[in-house]
Amino acid sequence: MLILPIVGGSLIMLFVDVCRLCDEIEAISSRSSMISLVSNFIKNLEVNDLELAVRFIIGELFPPWEPEIGLGASGVIGCVIKVFSSSKSEFFKVFKSTGDLGLASMRIAEKIGCIPLLTASEGDLTIKDVYEGFKSIARASGEGSRRKKIRLFHGLLLRARRPVEVKYLVKLALGERRHGFSEGLMEEAIADAFNLPYELVRRAHMLTSDLGLTARIAKLKGVEGLRRQRIVLFHPVKPMLAEKANDLLSALRELGGRASFEIKVDGARVQVHKLNDKVKIFSRRATDVTTSLPEVVEVVKRVAAESAVFEGEVIALTSNGKPAPFQLLMRRFRRQRSVSELVSKIPLKLYFFDILYLNGETLIDKPYIERRKILRSVVSEDVIIETLITSKYEEAQTFYEKALKDGHEGLIAKDLESPYTPGVRGKKWLKIKPVFNTLDLVVIAAEYGHGYRASMLSDLYLAAYNPENNEFEVVGKCFTGLTDEELIWITKRLKEVAIKEEGRVVYVEPKIVVEVAFDEVQKSPHYKSGLALRFPRIIRIRDDKSPLEVDTIQTLSKIFEEQRGRRKEAT
DNA sequence: GATGTCTGCCCC
DNA sequence: ATTCTGC
DNA sequence: GCAGAATGGGCAGACATC
């Protein structure tokens with residue numbers, strides 16, 4: 001991180017100015033207005049302030065590959081309550097009406113008449129002060145670190161002189177945004193501020209993965225700097241994303257009748273960076289997971305290339321070398337302790353599927369088929385994900401069926417000519433997964449939502465029937481799938497059948513039945529039923545079904561066993 | 001050592 | 001995952 | 001029609017507390 005010691009007096013950017021800007025943004029919904037507002041704000045900032053301000057405005061503190069502060073709602077709110085002599089119940093009351101922790105904190109600060117705010121001794125917080133403050137919090141680790149983090153955040157809050165600073169200190173700490181201005185619009189604001197082509201800013205952002213750095217390059221080096229931007233080893237590139245296809249045939253058609261089909265394994269996506277013997281592995285969201293995966297590091301070290309960036313998928317294997325449940329992989333994935341003991345207990349395998357950089361050359365603009373060729377020249381076939389390139393639907397169908405039979409999730413169809421486009425747009429990769437069966441479940445409780453859903457019961461507790469004890473047992477919570485209109489309706493209905501309210505949770509009579517889609521049944525250490533749905537989403541409200549007709553725990557158990565069976569039989 | 005709380009982010 | 005909204 | 005933004009779940013691991 002580049003921070004220069006001193007800048008000319010009037011140029012120093014105060015934190016409160018960023019806060020006020022964010023408040024303005026929050027009040028408008030027009031994207032173009034937001035962009036010009038931000039553009040004007042960042043246009044004349046000194047470059048170090050620019051880098052920080054750009055991140056702060058989109059609600060980020062650090063580049064994505066750096067560790068987070070390690071404080072969440074509980075710790076942060078505890079600090080707010082203490083600094084402003086409030087109480088949990090008071091905070092909770094304010095929060096319930098807004099659904100926004102930052103806003104609630106500001107109200108608490110306002111309520112006590114800003115006495116600690118006015119006694120702040122060290123003058124206004126600059127954005128650099130705020131950055132340094134959070135940096136110290138992030139650095140604390142190990143025993144006693146939680147107390148230390150809380151003490152440091154406490155100190156930061158004490159230096160706020162205005163309630164609005166409290167609001168955004170809390171939002172930054174928690175990663176709350178909710179002002180409708182995020183990465184995509186910031187790219188446009190940077191382009192506008194420094195009078196540069198949007199596409200170049202966007203491309204540089206893809207490669208740096210950090211808007212602060214992108215803004216710095218834009219201001220200091222302009223068009224040429226953006227154009228010259230290459231992949232930086234050990235700074236993860238944003239992953240290219242896949243879109244869902246309806247089925248195999250439509251995917252093949254959409255990609256022009258001929259495509260590459262890669263097996264989609266149920267693992268975790270990684271980006272691997274290598275320079276001679278130095279290797280780093282990043283998760284999909286740019287977390288450094290190198291220390292958790294020593295055997296993967298070894299595989300990469302042996303790759304015959306001086307420097308390279310690969311994309312791949314890591315999965316766990318069962319004792320017979322077949323794909324293991326995702327939950328097993330997660331025991332390894334971000335583990336810090338006893339890693340070496342787990343290496344033999346839960347073996348992992350890395351499958352490569354793309355290469356973005358090789359010996360100094362950035363490859364993302366080359367077509368898929370060419371990157372594939374380069375990949376095959378660098379790593380051996382047995383560590384590359386199984387692939388079929390075909391224009392024949394029947395062949396692809398057979399391959400798909402085999403993938404499912406082997407216990408994999410499905411296929412990814414890829415456009416043979418497409419470059420690697422990090423980020424969201426230009427999706428030339430299509431996910432093909434079987435349509436899952438749905439279950440009918442009954443709602444037995446619901447929770448109030450956050451943000452604009454604060455007044456609605458948007459989070460439903462879903463239960464299956466257990467005939468053995470004649471009870472409805474929770475197998476998951478679900479918030480997604482309903483339209484706003486349906487949410488309003490269901491909130492009203494739930495209140496009619498409410499039994500009791502505890503905090504944010506409203507318990508209701510088992511009356512309302514919903515049809516729920518899901519990806520998998522998992523073992524749950526959390527629910528009494530011992531089962532939980534993976535990725536539940538509501539398909540529709542079943543007015544026509546009575547609670548007695550919902551699916552049973554036994555049905556879920558059966559689905560769970562079938563999943564296991566598929567993995568065991570896999571050959 | 002066992003249990004509980006909190007946090008962040010794998011997969012959607 | 002889903003839905004809503006600006007453009 | 002599209003991209004961007006906002007909504008949220010279950011879970012394992014790290015730290016705190018008994």
Side-chain angles (χ1 to χ4, degrees), chain A residues 28-35 58-59 64 67-78 99 140-150 173-188 243-244 264-270 283-287 289 292 313-314 325-339 342 409 423-427 431 433 436 447 449-454 456 458-462 475-487 516-520 522-527 531-539:
Chain A
I28 29 183
S29 65
S30 158
R31 286 183 193 167
S32 43
S33 311
M34 289 193 275
I35 289 166
I58 57 162
E68 308 249 359
I69 60 167
L71 270 186
S74 172
V76 166
I77 299 319
S141 71
E143 204 180 316
S145 61
R146 193 177 157 75
R147 214 167 305 143
K148 188 172 177 194
K149 284 170 192 284
I150 284 174
L174 298 178
E176 241 186 23
R177 271 142 248 211
R178 212 168 274 145
H179 54 17
F181 191 88
S182 200
E183 293 196 350
L185 303 187
M186 183 57 92
E187 286 170 352
E188 300 203 39
E243 195 168 80
K244 211 171 76 183
K264 186 180 191 317
V265 295
D266 188 12
R269 185 163 174 182
V270 289
S283 73
R284 187 192 147 96
R285 282 170 66 175
T287 304
V289 291
S292 309
E313 188 91 5
V314 172
F326 183 74
Q327 277 172 306
L328 269 188
L329 170 67
M330 291 329 286
R331 263 178 233 155
R332 285 284 319 272
F333 203 63
R334 280 171 300 149
R335 178 178 274 271
Q336 302 293 316
R337 299 169 170 190
S338 334
V339 172
L342 265 285
E409 272 191 346
V424 190
R425 254 181 256 174
K427 288 168 222 164
K431 254 185 289 194
K433 288 204 296 184
F436 257 87
E447 233 174 278
H450 296 86
Y452 83 97
R453 284 155 68 144
M456 292 187 279
S458 62
D459 218 358
L460 310 180
Y461 289 56
L462 307 168
V475 293
K477 288 169 74 184
C478 183
F479 66 93
T480 191
L482 295 176
T483 62
D484 288 359
E485 204 180 333
E486 286 172 315
L487 270 179
V516 179
F518 59 98
D519 278 22
E520 201 176 31
Q522 299 177 312
K523 253 197 246 184
S524 172
H526 180 61
Y527 292 133
L531 297 168
L533 300 181
R534 187 175 172 195
F535 309 131
R537 57 260 182 200
I538 295 169
I539 301 296

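Here is the naming used below: chain letters follow the sequence lines, and residue numbers restart at 1 for every chain.
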Measure from the side chain of Ser29(A), starting at C-beta and using heavy atoms only, and say which of dG6(C), dC4(C), dC11(D) lies closest.
-> dG6(C)
Polar side-chain atom of Ser524(A) near backbone of His526(A) as donor-acceptor pair, under 3.5 Å = yes
Per Phe535(A) side chain, nearest of listed nucleotides dC12(B), dG10(D), dT5(C) = dC12(B)
Protein-nucleotide distance (Arg331(A), atom CZ; dC11(B), atom P), rounded to Å | 18 Å
In whole angstroms, how far is the P atom of dC6(B) from the CG atom of Leu71(A)?
-> 12 Å
Contact class for Gly175(A) vs. all strands (heavy atom < 4.0 Å): base, sugar-phosphate, or nothing?
-> nothing
Nearest-nucleotide check on DNA chain D, Gln327(A) vs Gly144(A); residue mapping nearer the 5' end is Gln327(A)
Met330(A) side chain, from C-beta outward: closest of dT7(D), dC10(B), dC4(C) = dC10(B)
Tell me which nucleotide among dC11(D), dT5(C), dG8(D) gets nearest to the side chain of Phe479(A).
-> dG8(D)
Do any side-chain nitrogens or oxygens of Thr480(A) fall under 4.0 Å of OP1 or OP2 in dA1(C)?
-> no
P-based separation of dC11(B) from dT7(D) [nearest Å] | 22 Å
Take atom OH of Tyr527(A) and atom P of dA12(D), then tell me their distance rounded to the nearest Å.
-> 13 Å
Rounded distance in Å - CZ (Arg178(A)) to C1' (dA5(D)) | 12 Å
NZ/Lys431(A): more than 12 non-hydrogen atoms of other groups inside 6.0 Å | yes
With sugar-phosphate meaning primed atoms plus P, OP1 and OP2, does Arg334(A) contact a base, only sugar-phosphate, or nothing at under 4.0 Å between heavy atoms?
-> base
Below 4.0 angstrom, N of the basic side chain to O of the carboxylate: do Asp519(A) and Lys433(A) qualify?
-> yes
Test the Arg537(A)-Phe518(A) pair against the cation-pi criterion, namely NZ or CZ under 6.0 angstrom from the six-membered ring centroid and within 45° of the ring axis.
-> no
Would you say a side-chain N or O of Arg337(A) is under 4.0 Å from OP1 or OP2 of dA12(D)?
-> no
Between Glu313(A) and Lys264(A), is there a side-chain N and carboxylate O pair less than 4.0 Å apart?
-> no
Find out whether Arg335(A) and Leu342(A) are in side-chain contact, i.e. whether some heavy atom of one side chain is under 4.5 Å from a heavy atom of the other.
-> yes
Provide, to the nearest angstrom, the distance between the CG atom belonging to Leu185(A) and the C1' atom belonging to dG6(C).
-> 10 Å
May I have the distance from Tyr452(A) (atom OH) to dA5(D) (atom P), rounded to whole angstrom?
-> 15 Å
So do the side chains of Glu183(A) and Ile58(A) get within less than 4.5 Å of each other, counting heavy atoms only?
-> yes
Below 4.0 angstrom from OP1 or OP2 of dG10(D), is there any side-chain N or O of Arg534(A)?
-> no
Short side-chain N/O contact from His450(A) to OP1 or OP2 of dG8(D), under 4.0 Å = yes
Short side-chain N/O contact from Ser182(A) to OP1 or OP2 of dG4(D), under 4.0 Å | no
So what does Lys148(A) touch, heavy atoms closer than 4.0 Å: a base, only the sugar-phosphate, or nothing?
-> nothing
Looking across every strand, which nucleic acid part, if any, lies under 4.0 Å from Leu329(A) by heavy atom: base, sugar-phosphate, or nothing?
-> nothing
dA1(C) and dC9(B), which share atom name C1', separated by this distance in whole Å = 15 Å
Could you tell me whether the phosphate oxygens of dT5(B), OP1 or OP2, come under 4.0 Å of any side-chain nitrogen or oxygen in Ser74(A)?
-> no
Touch check for Lys264(A), heavy atoms < 4.0 angstrom, all strands: base, sugar-phosphate only, or nothing?
-> sugar-phosphate
If you look at every strand shown and take non-hydrogen atoms under 4.0 Å, does Ala73(A) touch a base, only sugar-phosphate, or nothing?
-> sugar-phosphate
Search all heavy atoms of Leu185(A) against all heavy atoms of Ile35(A) and return the closest pair with its distance.
-> O-CG1, 3.9 Å
Check the distance between dA6(D)'s P and Ile58(A)'s CD1 and give it to me in whole angstrom.
-> 11 Å
Picking from dA14(D), dA6(D), dT7(D), which would you name as closest to the side chain of Gln336(A)?
-> dA14(D)
Is Arg453(A) touching bases, backbone alone, or none of the nucleic acid, heavy atoms closer than 4.0 Å?
-> sugar-phosphate
Nearest-nucleotide 5' precedence on DNA chain D, Met186(A) against Gly142(A) | Met186(A)
Give a yes/no answer on whether the side chain of Lys431(A) brings an N or O atom under 4.0 Å of OP1 or OP2 in dA1(C).
-> yes
Which listed nucleotide (dC7(C), dT3(C), dC11(D)) is nearest to the side chain of Ser32(A)?
-> dC7(C)
Regarding the side chain of His179(A), the nearest nucleotide among dA6(D), dC7(C), dT7(B) is dA6(D)
Thr287(A) vs dG8(B): side-chain N/O to OP1/OP2 distance below 4.0 Å | no
Pair assignment for dG8(D), Watson-Crick or G-U wobble, requiring both distances under 3.5 Å | dC12(B)
Does a side-chain N or O from Arg537(A) land closer than 4.0 Å to OP1 or OP2 of dG10(D), or not?
-> no
What integer distance in Å separates Glu183(A):CD from dA3(D):C1'?
-> 13 Å
Looking only at side-chain N and O atoms, does Lys433(A) come under 4.0 Å of OP1 or OP2 in dA1(C)?
-> no
